[in-house]
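In what follows, a structure is listed as structure tokens, so that the remarks can point back to it.
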Amino acid sequence: QHHGVVCYMILWQKFVKFLYAFCFSASYINITNLSVSGHRMRHYKPVIWMILTATISEVRLTGGVGPWEGTVEVYTDGSWGTLCDYDFDLKDARVVCRMLGFGREIQFFPLAKFGQGVGKSLFSYLSCSGNEQNIGSCGYRKSTCSHSQDVGISCVRTNRLETTEGIRLIGGTGPYEGTVELNVNGQWGTICDTNFDKHDADVVCRMAGYTRAIQAFSNAHFGHGNGSSMLYNVHCSGNEDHLDSCGSNGWFSSTCTHDNDAGVACLDSGRKSISQGVQFVGGTGPHEGTVEINVNGEWGTICGSYFDMNDAEVICRMAGYSRALQAYSNAHFGPGNGSVILSTLKCSGNENIVDSCGSDGWYKTGTCAHSTDAGVVCLRNANKYTTEGIRLVGGAGPFEGRVELNINGQWGTICDNSFDLPDAEVICKMAGYSSALQSFTTGHFGVGAGPIYLDSLQCSGHERHLDSCASSGLFKISSSCQHSDDVGVACLSGNRTDVVQGVRLVGGFKQWEGRVELKVNGQWDTICGYSSGFDIDDAKVICRMAGLSTSGKVQVFPNAYFGRGTGPVLLSGLTCAGHEDNIDSCGSDGWYKTGSYCGHQYDVGVSCPDDNPFG
């Protein structure tokens, strides 16, 4: 009663592929006396193949929630019957859905999922290409199955080409984020999170009308969804417009529970940038504080783990500042608001926005809490340098004193760890002086107030600004630093290159003898002669500087022989060779480096040769 070609053939086992192709090229082959290379086929075990076609006048789906799904029943030769699920696939389902007038197939289901059909199990091993208009045009075999193997299918209930009728995100702070729910034939269901990633989330967000995904979530991050778990093992490239174009294990193939519901956070506008604003909270001004990023209208923070100056540079640039002064972790300015939305930021420092930096991903913050919130201090002005000003406080004049730096409108000091003369040279240049006379530690000019900005300075002395010197970093101060460790400097005032601006002999009986006093920065001060620290060679240079002769007898008088001076003791440990024109060229312990033992009781005096004419 079946119409079409019936081909009975015995395949010789050594030539299975050849004879199989040969069989399909003929309408009918009489193989009774067929021989190959003199061997009669009857000596070999036969395998019977039957390829059938039939006329199917009607098809229906029973047992589903609507006519678009159910057990497949076909009408042929005056009766209804079912299809066996052997080798049934989506191509076969596509032809059945086409016959029913639906847009496309969604899934097929074996083992009588929608219940057992009527009549007999008619056909098995259906072999449609998917392009047929009627399953009667597909090859098949006569079924020997029971109704427990009836196949069922689900079709798109409209003439749409897409499986889903809608998509929504639930459980988030807005419509742009939440557990993913898909509407298929009027029923809402979820996606299993197995292998669900950012690429898949991009497609989901695009389907929901958003520009792109911010992040993909698993383990029902936004809570359990509704209905059944519809999709499993989704693997999109990220460029698709619909999940139908992505690979997966197929619709309704998931065995996941709602504990594995996938979620997404999408960018909620036409913007390409995820971060929509940055602000700092808890600082002394808008230029510093705990970092908060605005994403989808909600403020959140950055985890301080691995947060460094490169990251801070990008944050400050986003906030409209020229550069970062310091990066902080562990909620230095206090905890921020909202969620912790970024961690393990990996900026190079050249990016214009944190979107361009590496990270663990938006909202992928692990165990980070607000106790680890990152903070920054940015340079509030567009100056090239960090400081807005420098001053020397507590000295005898503006050329010396405790060093204070103005940063973002606040004056602060420098800790004296490793502070030396090359560091002082740079500070004096910054203050407008030609060079440094000396560096001072341990609060020599008194203690300052406000923050201690710098520690462990390591200048070469040739830099024009402290920004170019190595240090522990702005605000990165040793726990041992106190204002009792504030540094000071003495600079050479004016544009002179010689430190000593004059020399005089005071308190002697003649004009060519007396206590040695040097004029430095407009102030007259003395030289320490403690423990034979001043000799005839030193005295010769003093006489020469005073315009007196050195050709006769030169004498040294220690221990304030000509009386004690006032003001600072300028020099000790002088080691002149005797031929120098100025003591600037002599060795010494350094200007103002006279030790606690050098009081005015050790002021030195000299007597130059008495053949000096005085007008």
Worksheet entry | Parallel, tilted or perpendicular, as decided by the 30° and 60° cut-offs, for the rings of F280 and Y321 | parallel
Worksheet entry | Ion pair check, K198 and D202, cut-off under 4.0 Å | yes
Worksheet item: Is a salt bridge present between R157 and E165, judged by a nitrogen-to-oxygen distance below 4.0 Å?
Response: yes
Discussion item. With a 4.5 Å cut-off on side-chain heavy atoms, are W251 and L182 touching?
Written reply: yes
Practice prompt. Verify whether one side chain among S343 and D360 offers a donor that lies under 3.5 Å from an acceptor in the other.
Written response: yes
Discussion item. Is the distance between the ring centroids of Y75 and W80 under 6.0 Å?
Written reply: yes
Worksheet item: Salt bridge between R323 and D467, side-chain N to carboxylate O under 4.0 Å?
Response: yes
Worksheet item: What pairs of residues pass the salt bridge (Lys or Arg N to Asp or Glu O under 4.0 Å) test when at least one of them lies in residues 94-107, not counting sequence neighbours?
Response: R94-E105, R104-D244
Discussion item. If only side-chain N and O atoms count, and only distance matters, is there a donor-acceptor pair under 3.5 Å linking H242 with T164?
Written reply: yes
Worksheet item: Which pairs count as side-chain hydrogen bond (donor to acceptor under 3.5 Å, both in side chains) when at least one residue sits in residues 110-125, sequence neighbours excluded?
Response: S121-S143
Worksheet entry | Pairwise distance CD1(I302) to SG(C368) - rounded to 0.5 angstrom | 11.0 Å
Item to complete: Examine the side chains of N408 and E288 and answer whether a donor and an acceptor come within less than 3.5 Å of each other.
Response: no
